There are 2 protein chains.
Amino acid sequence: MVFVAGLQVQPGSGKVTRTDVARYAGVSTAVVSYVINGGPKPVAAATAARVREAIKVLQYQPNATARALTMGSARLLGMIVPDSTNPYFAELTDAIAQVAAARGYALLAANSRTDAETERQNTLSLVSRQVDAIILATVLSPSEVAAMPVQGIPRVLIDQSSTVHGVPTVSTDFEQGAVAGVQHLIGHGHRDIAILVGRDIDPSRVDPRHNGWKTALRDAGLTEGPVEFTDFTRQGGYEATRRLLERPKRPTAIFASSDLLAVGALLALHEADLSIPDDIAVVSFDGTSESEFSWPPLTTVRQSINLIAEAAVRAALSSDDSEGKAQLLATELIIRRSCGC
Amino acid sequence: MVFVAGLQVQPGSGKVTRTDVARYAGVSTAVVSYVINGGPKPVAAATAARVREAIKVLQYQPNATARALTMGSARLLGMIVPDSTNPYFAELTDAIAQVAAARGYALLAANSRTDAETERQNTLSLVSRQVDAIILATVLSPSEVAAMPVQGIPRVLIDQSSTVHGVPTVSTDFEQGAVAGVQHLIGHGHRDIAILVGRDIDPSRVDPRHNGWKTALRDAGLTEGPVEFTDFTRQGGYEATRRLLERPKRPTAIFASSDLLAVGALLALHEADLSIPDDIAVVSFDGTSESEFSWPPLTTVRQSINLIAEAAVRAALSSDDSEGKAQLLATELIIRRSCGC
DNA sequence: ATGAAAGCGCTAACAG
DNA sequence: CTGTTAGCGCTTTCAT
């Protein structure tokens, strides 16, 4: 315990409030606010210096909770993803946190574990914590999303193409990306191209990547290859691929709708002693770092995580509805060894 | 807009406060608190029912910020990791969030990007947000950690063996784990075992896994194999392994001190057309899901993420200093194909 | 069993 | 340029 100028001071221990700083600097609490926030009123240079000195000596840290109560904003963004350990979402969450931090916002991320009820709870929790907006990769249907009670907190949908009335969407153009990936395989001469698709909670919803695969095949005059639905995990990709290999006729190429699925597929293929890409070629979707270091490295349809992060945060923080539309971001085909180039 | 019992109600839009609920239910705000929190005062069954009805109709969500101000706790835990996209930390963060959620706490996670200054900023940010505790995988030295002004907020160190006075530590027993992994390689007959180690910001600090490797080698009467320091990334593992392969004498086995490093190593090995485990065996550390799906699947020293999460949250939330010590958790050797078993 | 009111730390309108 | 004060939404003591 230290005594400074007759005041009892315990740097770093108990909570130091703005009142302590004011007393130490011999000013009112308002003045402390003015110097901390640079306004709204001017403060004499000498006074400001005394306040700053007091802040330093007392190791004062403003209480963001109190500030949030007063201001009606905690400068906090919320985010919900279906699987926070999926590298794609891990990278995306990180990117969004960086962009948000640059604007002075922190990111409170939640994991719905691909469960509707958990997502609802996550949403309620974020709402009660007064986040300024929620960036949401939902597992709910548009009508269910619309029905959530969010106290007027803005939301931004990511990672899907369907739209919810009044809720802006920022997403990769899954369908076009899938078209590009499958066309690349077709360009290699493949006629029998399978697809691995994530199973959706809502069976009526179709993955746009599935549509893109169909489109590319149809446009090339090819018949649709086998389709395997599975969990959006490495294990899911592994199991789906094993089922694929048990079929009477083996496809010559696989389009996996995520890196995770592709990584699982690779293992199944290796275990079956198949050579990649000679016996069977693989193209995946996402372009996470993991796809770069698999064996063989995956040719992949890369989503631009940075652009999504930028656009999502901008949409989340823009109060004007000028951005109330759906934004579709382009993909980039990354050529590596798994396609046979 | 809806009118209920003469009151103007807009479910889901503007903020509904406890005052609105009280008015709608025809009670005082105190009573609303009593029924929401189940105390501290009893409420007549009929009154409670009216309040609950009002909450439902108005879609009232308590304001956690205001509650935090009053209670002095936001029921929020903070966490800082050096790389949130490293699957190990992604899985650990998720596990901690689950454990925290079970106790009614949310988790605010930050990424220091292995940068000391960023970690300091992250810490300050969490402190000002009044988190109840900070779970920290630090890149700072013990004295630097101790020097941080944290306003008395408790911290728990994870992912390291060194201790900071007064700060409890929960960590895997890195050294023993490394010993087990290297011994396994020795048991396979390897005499020339290299190690891949993460480069530390603080060069004076040695990775306990490095020590474990030395110990196992010494105890077996073997000379130390080559050591490669590198970034704690897949790319880092890749580059380190390429350097390893350029050396005059190639080791017959590699101990990688993380899955990420091992995955990078695998790619370098494949590119060099080396057969794993025949030409060169690999054992890694962590036991993330990624290690299970690489080719070949990695024999790995698994950290118990769930135990770490449990212990870290318990330590973070226990005010008594009974847990003020260092806890070292045991590892488990997972045998897969990369070691040659 | 219920209500009135103080107070958590901060901001900003208003007054000097 | 500086100070006083009301109020953000909630909890809880103290009255009734």
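This is a predicted model, so every value here is computed, not measured.
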With sequence neighbours left out, the residues meeting salt bridge (Lys or Arg N to Asp or Glu O under 4.0 Å) with Glu53(B) are none
Rounding to a whole Å, what distance do you find between Gln130(B):CD and dC8(C):P?
-> 14 Å
Which whole-number value in Å describes the distance from Ile55(A) CD1 to dC10(C) P?
-> 10 Å
Stepwise side chain to side chain contact (heavy atoms under 4.5 Å, CB included) test for Ile158(B) and Leu92(B) | CA-CA 10 Å; Ile158(B) 56 171; Leu92(B) 182 58; 3.8 Å; yes
Residues from residues 120-127 of chain A sitting under 4.0 Å of DNA chain C, heavy atoms only?
-> none
Taking side chain to side chain donor-acceptor pair (under 3.5 Å) as the test, write out the residues that go with Arg205(A), two or more places apart.
-> Asp200(A)
side-chain contact (heavy atoms from CB on, under 4.5 Å) with Val99(A): which residues, sequence neighbours excluded?
-> Ala309(A), Glu310(A), Val313(A)
Provide, to the nearest angstrom, the distance between the CD atom belonging to Gln61(B) and the P atom belonging to dG9(D).
-> 15 Å
Atom-pair distance (CZ on Arg50(A); C1' on dT2(D)), nearest Å | 11 Å
side-chain contact (heavy atoms from CB on, under 4.5 Å) against Glu91(B), all qualifying residues, sequence neighbours excluded = Thr85(A), Thr288(B), Ser289(B), Ile305(B)
Identify each atom pair where a protein N or O and an N or O of nucleotides 6-8 of chain D are less than 3.5 Å apart, giving names and distance.
from, atom 1, to, atom 2, distance (Å)
dC8(D), O2, Thr70(A), N, 3.4
dC8(D), O2, Thr70(A), OG1, 3.1

Scan the side chains in residues 106-113 of chain A for donor-acceptor partners under 3.5 Å anywhere in the protein, sequence neighbours excluded, and list what turns up.
from, atom 1, to, atom 2, distance (Å)
Asn111(A), OD1, Arg113(A), N, 2.9
Asn111(A), ND2, Ser84(A), OG, 3.0
Asn111(A), ND2, Asp94(B), OD1, 2.9
Ser112(A), OG, Val81(A), O, 3.4
Ser112(A), OG, Thr114(A), N, 3.4
Arg113(A), NH2, Asp94(B), OD2, 2.6

Rounding to a whole Å, what distance do you find between Tyr60(A):OH and dG9(C):C1'?
-> 7 Å
Inter-residue atom distance Phe89(B).CZ - Ile80(B).CD1, 0.5 Å rounding | 12.0 Å
Thr138(A): side-chain contact (heavy atoms from CB on, under 4.5 Å) partners, not counting sequence neighbours = Glu119(A), Leu136(A), Leu140(A), Val145(A), Gln160(A)
Who passes salt bridge (Lys or Arg N to Asp or Glu O under 4.0 Å) against Arg50(B), sequence neighbours left out?
-> none
Arg23(A) has an atom CZ; how far is it from atom P of dG9(C), in whole Å?
-> 12 Å
Atom pairs under 3.5 Å: protein N/O with N/O of nucleotides 1-5 of chain C:
from, atom 1, to, atom 2, distance (Å)
dT2(C), OP1, Thr47(B), OG1, 2.4
dT2(C), OP2, Ala44(B), N, 2.7
dG3(C), OP2, Ser28(B), N, 2.6
dG3(C), OP2, Ser28(B), OG, 3.3
dG3(C), O6, Tyr34(B), OH, 2.8

Under 3.5 Å, which donor-acceptor pairs link side chains of residues 27-41 of chain A to any protein atom two or more places apart or in another chain?
from, atom 1, to, atom 2, distance (Å)
Ser28(A), OG, Ala30(A), N, 3.3
Ser28(A), OG, Val31(A), N, 3.4
Asn37(A), ND2, Ser33(A), O, 3.3

Excluding sequence neighbours, so at least two apart, what forms side-chain contact (heavy atoms from CB on, under 4.5 Å) with Thr70(B)?
-> none
